[in-house]
Amino acid sequence: MHDAAAALLAGLNPEQRVAVETTEGPLLVLAGAGSGKTRVLTHRIAYLIGVCGIAPESVLAVTFTNKAAGEMRERVEKLLGPGAEGVWLGTFHSTCVRILRRDIGHLGFSRGFAIYDQSDSLALVKEAVRRQGLDPKEVDPRRMEWRIDQWKNAGVGPGPAFDAAADFEAQRAAEVYATYQRLLVDANALDFGDLLLRTVELFERFPEVLRWYRQRWQYLLIDEYQDTNRVQYRLVQQLAAEHRNLCVVGDGDQSVYGWRGADIRNILDFEEDYPNANVVLLERNYRSVQPILEGASGVIAHNVGRKEKRLYTEREGGEKISVFEAADDREEAAFVVREILTAQRGADRSWGQFAIFYRTNAQSRVFEEELLKYNVPHVVVGGVRFYERAEVKDALAWLRLLVNPADAVAVRRVVARPTRGIGRTTLERASSLAAEHEETLVDGLRRFAEQGGARTAKSIRAFLALLERLRDELSGVSTAEALAAVLDRSGYLQALERDGSPEAEARLENLRELLSAADDFGRELAREPDASEERSETELFLDQVALVSDIDTWERRDECVSLMTVHTAKGLEFPIVFVVGLEEGVFPHAGALRNDGGIEEERRLCYVAMTRAMERLVLTSARERHRWGSRTYGIASRFLREIPDDALERPLAGGARVPGDSTLDYSYSQDAEGGDMDDALAPGLRVQHPTFGPGVVLQALGSGAGRKLRIRFERAGVKTIVVRYGNLEIG
DNA sequence: GATCGCAATTTTTTT
DNA sequence: AATTGCGATC
């Protein structure tokens, strides 16, 4: 027993030890970036089971991605050997699905409910807007969906939303919300927000059900607590209320999901919620060399209202942070790829040690092209997600419909492609018939066929017959077989093959990939026979597919450079990191600056990006870039200026690149004829004007003698000044 | 009533 | 640059 304890605690620092050993009662672990958080969580689980003798089934650990959950399971199994299988490790969403699949009957839903992702719910919001008699082009369903999502994240139902609505639009949105919610119930479907909300509702209304789960899960661990929303917070409270063995781990400085409803108060107020809570501070960083840590700390220090935390490392020395300002986005990409090539060859690095992080997915393109040019193997994580692709969603819609006949969104998808003589108006009529008789959309179609015109009726009957035949033939068949059958029988494959365009070819390729994914899933499942919980393979496959995230399907591979958004990069680390597009408007993103606290969240995002780097961090920006199909001009991100000079390889010269100051002896400015003066007068430069006073250059127009600058003056606003006559002074 | 082709509009981040 | 919506045609 003591040997086991000693082995588990060996190699942990004193604070980490406390976090592992304090098994009883509420515990808050404030874990700075790279402070060995995952290590603490896994050792804690192993300690509970291996040393305290807690049954694995009594432990629930919740993480934010399936990938993190999987990794944790792997590491716990390594520590404990087999016997750790009983631990429930999952995301909030997968945990809720598991609970609801078991017990949602209490709420009047069938256990075969469908899970709607964002595009499914958007389709349903549109439908709700139409049902409200509103014009979809006047009310913008996406805005409505966003509002509804916000309400759901805050745990606010349609009724209270309406009562609290501050303006007309909010009121209207609340009405759409109510209709949308009814449509979801009709379709026997739950959206992402519902998965959490319904679980909380289930526990609230049926205390005996809650009691069962409370008794089962005696020890709770919640990772990334700073990213939980109000509903998740309530769920945790419900589960922990009795035994109070609740360990939450997080870092307020890494809260980057405020826009998704994450409420930073959850972690800030933990000690008030649980007055006898123990608090452990993990401030020793094991990941990054000193300059990187210093640079990141310098940036985050600009946020107000945060818990002061001083990360330190014992990794003295190490390379300082490099900053490169490119003339445009192409040059930025060229620089990054050249850097990678040089380091890979010179320092014998594998491709997998490099990562490129950007603020928005759209930025990946230039980098992909450049990497392709030099044959650098790379993988883009995220972007257009595989399971979001139209053809994949179409194929899955068939499966969904076979599992859940009420799934109205699936019906609409399936009916539309390939075209089968059932159009918008037919569906419209069928839909209102269904509503009238409180039936499913398929029933509505059947009803319409009985009374409608001959041609349409024939089309509908053909579709219904197809559906029925598939349902008969495919019960009990494997998911892969069902998919293949469905694609063939519906004429979907044939339509694509007939098309023959390269685009159709790509779609076919994606469908083949989907088939092999289903096949893999089936094999995997066959290996763990007890995992099925009385649910069919196809049902389990659909659950998994609905809840996978971008990062879940990514795995660290030695032979690929990784490209991803900063959000996706959260939780990862790489030896060499490039954070690109550090310009005002891009990072920090213009859209984020509009709402309160937006800039602080952007800064935390920047902090997250920087702290991913272990050995070397390179930050780049571009003075000019292609955005939305045209050229835009940017000034260097304020975050660059917030990095202490000591942490930088070379101090920033007023935000502008002085000729020859490309940090790693790359200077290939493309406007070769532009002299020193032109280069120095780049966006971001601070200048003095005899009459307007101090200002910052926003944009350079033209070149040579006629060169003009757009300058934002502190007092006079934005003016355009001709350089030759303006008598500008730098500084 | 379905389908095709053109035009306007869009992009922040995602379970 | 690409997707979605709208209007005209079959």
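Lettering follows sequence order; numbering is per chain, from 1.
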### Query
Rounding to the closest angstrom, what is the interatomic distance between B:dT13 and C:dT4 at atom P?
15 Å
### Task
Would you classify A:Arg142 as touching base, sugar-phosphate or nothing, given that sugar-phosphate means primed atoms plus P, OP1 and OP2, and contacts are heavy atoms under 4.0 Å?
sugar-phosphate
### Query
A:Phe639 vs A:Phe587 aromatic rings, parallel, tilted or perpendicular, using cut-offs 30° and 60°?
perpendicular
### Query
If you measure from the C1' atom in C:dC6 to the same atom in B:dT11, how many Å do you get, rounded?
22 Å
### Task
Take atom CH2 of A:Trp259 and atom C1' of B:dT15, then tell me their distance rounded to the nearest Å.
9 Å
### Message
Check this one for me: any side-chain N or O of A:Asn361 less than 4.0 Å away from OP1 or OP2 of B:dT12?
### Response
no
### Query
How long is the line joining CZ of A:Arg365 and P of C:dT3, in whole Å?
10 Å
### Message
Are A:Tyr257 and A:His567 an aromatic pair, judged by ring center distance below 6.0 Å?
### Response
yes
## Note on the structure
Taken in chain and number order and not counting sequence neighbours, the residues that satisfy ring-ring contact (aromatic ring centres under 6.0 Å, His included) with A:Phe521 are A:Phe541
### Query
Of A:Arg359 and A:His93, whose nearest nucleotide on DNA chain B comes first from the 5' end?
A:Arg359
#### Entry: Length of the NZ-P vector between A:Lys570 and B:dT15, whole Å
12 Å
### Query
Between A:Trp146 (CH2) and B:dT13 (C1'), how many Å, whole number?
13 Å
### Task
Compare side-chain N and O positions of A:Lys126 against OP1 and OP2 of C:dG5 and report whether any pair is under 4.0 Å apart.
yes
### Query
Can you check the A:Arg412 CZ to B:dA2 P distance for me, whole Å?
13 Å
### Message
Applying the 5.5 Å / 30° rule, does A:Phe64 stack onto the base of B:dT15?
### Response
no
### Message
With a 4.0 Å cutoff (strictly under), does any side-chain N or O of A:Thr568 reach OP1 or OP2 of B:dT13?
### Response
no
### Query
What nucleotide, of B:dT14, C:dA1, B:dT11, holds the atom closest to the side chain of A:Gln118?
B:dT14
### Task
Side-chain contact test, heavy atoms from C-beta onward, threshold under 4.5 Å: evaluate it for A:Glu71 versus A:Thr38 and give yes or no.
no
### Query
Between A:Leu190 (CG) and B:dT15 (C1'), how many Å, whole number?
14 Å
### A:His567-B:dT13 aromatic stacking (under 5.5 Å, under 30°)
no
### Query
Atom CG of A:Asp223 to atom C1' of B:dT15: distance rounded to whole Å?
14 Å
### Query
Are OP1 or OP2 of B:dT15 and a side-chain N or O of A:Asn229 less than 4.0 angstrom apart?
no
### Task
Figure out the NE2/C1' separation between A:His589 and B:dT10, and round it to whole Å.
12 Å
### Message
Could you check whether A:Phe578 and A:Phe367 have their ring centres less than 6.0 Å apart?
### Response
no
